[in-house]
There are 2 protein chains.
Amino acid sequence: MRAFWEHGYEAVSIADLTETMGIKAPSLYAAFGDKRTLFEEAVEAYVRDFGAFSGQALTEEPTARRAVARMLREAAAFHTLPGYPRGCMIITAATNCTAQSEEVMRSLQGRRAQTVELLEWRIQEDIRSGELPGDTDAHTLATYGATVLQGMSQQARDGADRTTLERVAELAMAAWPAGRSDEEGEGGSAREA
Amino acid sequence: MRAFWEHGYEAVSIADLTETMGIKAPSLYAAFGDKRTLFEEAVEAYVRDFGAFSGQALTEEPTARRAVARMLREAAAFHTLPGYPRGCMIITAATNCTAQSEEVMRSLQGRRAQTVELLEWRIQEDIRSGELPGDTDAHTLATYGATVLQGMSQQARDGADRTTLERVAELAMAAWPAGRSDEEGEGGSAREA
DNA sequence: GTCTTTCTATAGCAACCGATACAGAAAAGG
DNA sequence: CCTTTTCTGTATCGGTTGCTATAGAAAGAC
């Protein structure tokens, strides 16, 4: 997983994997069957251990605004974990692809699209509930959230440190429209006028 | 150039290049000497024809704010040119790299860092001139600009259309602090209090 | 102990990688 | 016309890719 995370799908060879895993090629193929299958399992392990924060933030927080704020804040941390590759595996692991690994690319592309759709759905939910004004552009807003998230991954890869990214995440939220629940006061949860 | 732009450095083979260029391998090596050299020339051709907008915006505009606004607006167009690969070649062409092409990766990384440094320098210039308040965090602000720019490239690759990206660019500027020249009125150039 | 089952390591498969040696065709000079 | 030079195409180099057949070692059953 770490090898795929750092170098991407095609740039990691079977020889690299057998070397870092301490096993020989036949054992690897007996256990995983295929390089693609092994990659898919590595992706699922990554999502489980390091990539679940975005889905959790987008489902657990009460408003889309708080969800995105938390997602970006935690992304700053997860994209700069000490001792781990920088950036997000889902974003970077399949960007330079041959024709034969197009399916792998589209697989990760689907996962990214899933996150954007979930975010857009949360925004539309806030529009329906009156939390956000009725003329809010949900598609643009969701794309903006994904843009900042994926840009932070690239910046982490290029060496940006965690505190800088956390400040970027906080700054990015200044462009996000304030909802009804955080118009006055700042608790936003218990205080209802 | 288009092949490297779309698939990246390592994912394009010499056979791909000789096929799309209509020449055989020995002619290619006689003309360019090396795959790496050919890639570098392709990068320079890309920067000249499609990637100069960011440098121009960052040097020609009177303030850092207007520079970033223009850079992001034009990026939305250049990252979604009809008939060309999506996104920015400098950002995506060398992300999945083997150990042998680390130099290529660092070369593009250096070009990206150059843009961020130029942006940060423009911001500090505005701070010195009083256009921006003295406690402005130039490093965070420059990283934010680069984050949105690179995130837009990723979004373009994932299928975002031009108008959506232009709205994202405009929305992103809502997080950018207003300078002294655009506090009141909106011309900002001829009107001096 | 002996037999059976599971696992692992050696060796090698066809296909492709970047890069060249060499021969033949085309063009330029007289 | 002939010679010299430049260019292009065929064939191939050693190395690596993902993947596997086959033989040998380790472990469990009794």
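By convention in this document, chain letters (A, B, ...) are assigned in the order of the sequence lines, proteins followed by strands, and residues within each chain are numbered from 1. No experiment lies behind these values; they were computed from the predicted model shown. No hydrogens, no waters, no symmetry mates; every other heavy atom, side chains included, goes into these values.
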Rounded off to whole Å, could you give me the [atom1]-to-[atom2] distance for the [X] and [N] pair?
X: B/Met21; N: D/dT8; atom1: CE; atom2: C1'; value: 14 Å
X: A/Leu28; N: D/dT20; atom1: CG; atom2: C1'; value: 13 Å
X: A/Tyr29; N: D/dC19; atom1: OH; atom2: C1'; value: 5 Å
X: B/Ile23; N: D/dG9; atom1: CD1; atom2: P; value: 9 Å
X: A/Glu19; N: D/dT16; atom1: CD; atom2: P; value: 12 Å
X: B/Lys35; N: D/dT16; atom1: NZ; atom2: C1'; value: 14 Å
X: B/Gln100; N: C/dC17; atom1: CD; atom2: C1'; value: 9 Å
X: B/Leu17; N: C/dC17; atom1: CG; atom2: C1'; value: 13 Å

On the 0 to 90° scale, with breaks at 30° and 60°, tag the A/His79-A/Phe53 ring pair as parallel, tilted or perpendicular.
-> perpendicular
Going 5' to 3' through nucleotides 22-28 of chain D, assign each nucleotide B (protein heavy atom under 4.0 Å from a base atom), S (under 4.0 Å only from sugar-phosphate atoms) or - (no protein heavy atom that close).
-> -------
Where the side chain of A/Lys24 is concerned, which of C/dT10, D/dC19, D/dT17 is the nearest nucleotide?
-> C/dT10
Nucleotide nearest A/Ile14 when distance is taken to its side chain, options C/dT8, D/dT8, D/dC19 |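 Nearest nucleotide to the side chain: D/dC19.
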For the residue pair B/Tyr46 and B/Phe4, is the inter-centroid distance of their aromatic rings smaller than 6.0 Å?
-> no
Short side-chain donor-acceptor distance under 3.5 Å, A/Thr63 and A/Glu131 =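 No pair is found: no donor N or O on one side chain lies under 3.5 Å from an acceptor on the other.
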Position toward the 5' end of DNA chain D (nearest nucleotide), B/Thr98 or B/Ala25 | B/Ala25
Excluding sequence neighbours, so at least two apart, what forms salt bridge (Lys or Arg N to Asp or Glu O under 4.0 Å) with A/Arg122?
->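 Scan of A/Arg122 (salt bridge (Lys or Arg N to Asp or Glu O under 4.0 Å), adjacent residues dropped) gives A/Glu125.
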A/Ser107 side-chain N/O to A/Glu103 backbone N/O, donor-acceptor pair under 3.5 Å | no
Is any side-chain nitrogen or oxygen of A/Ser13 closer than 4.0 Å to OP1 or OP2 of D/dT17?
-> yes
Identify, with sequence neighbours excluded, every residue that meets ring pair (Phe, Tyr, Trp, His ring centres under 6.0 Å) alongside B/Phe32.
-> none
CE on B/Met1 to CG on B/Leu17, rounded to 0.5 Å =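 Separation between the atoms: 12.5 Å.
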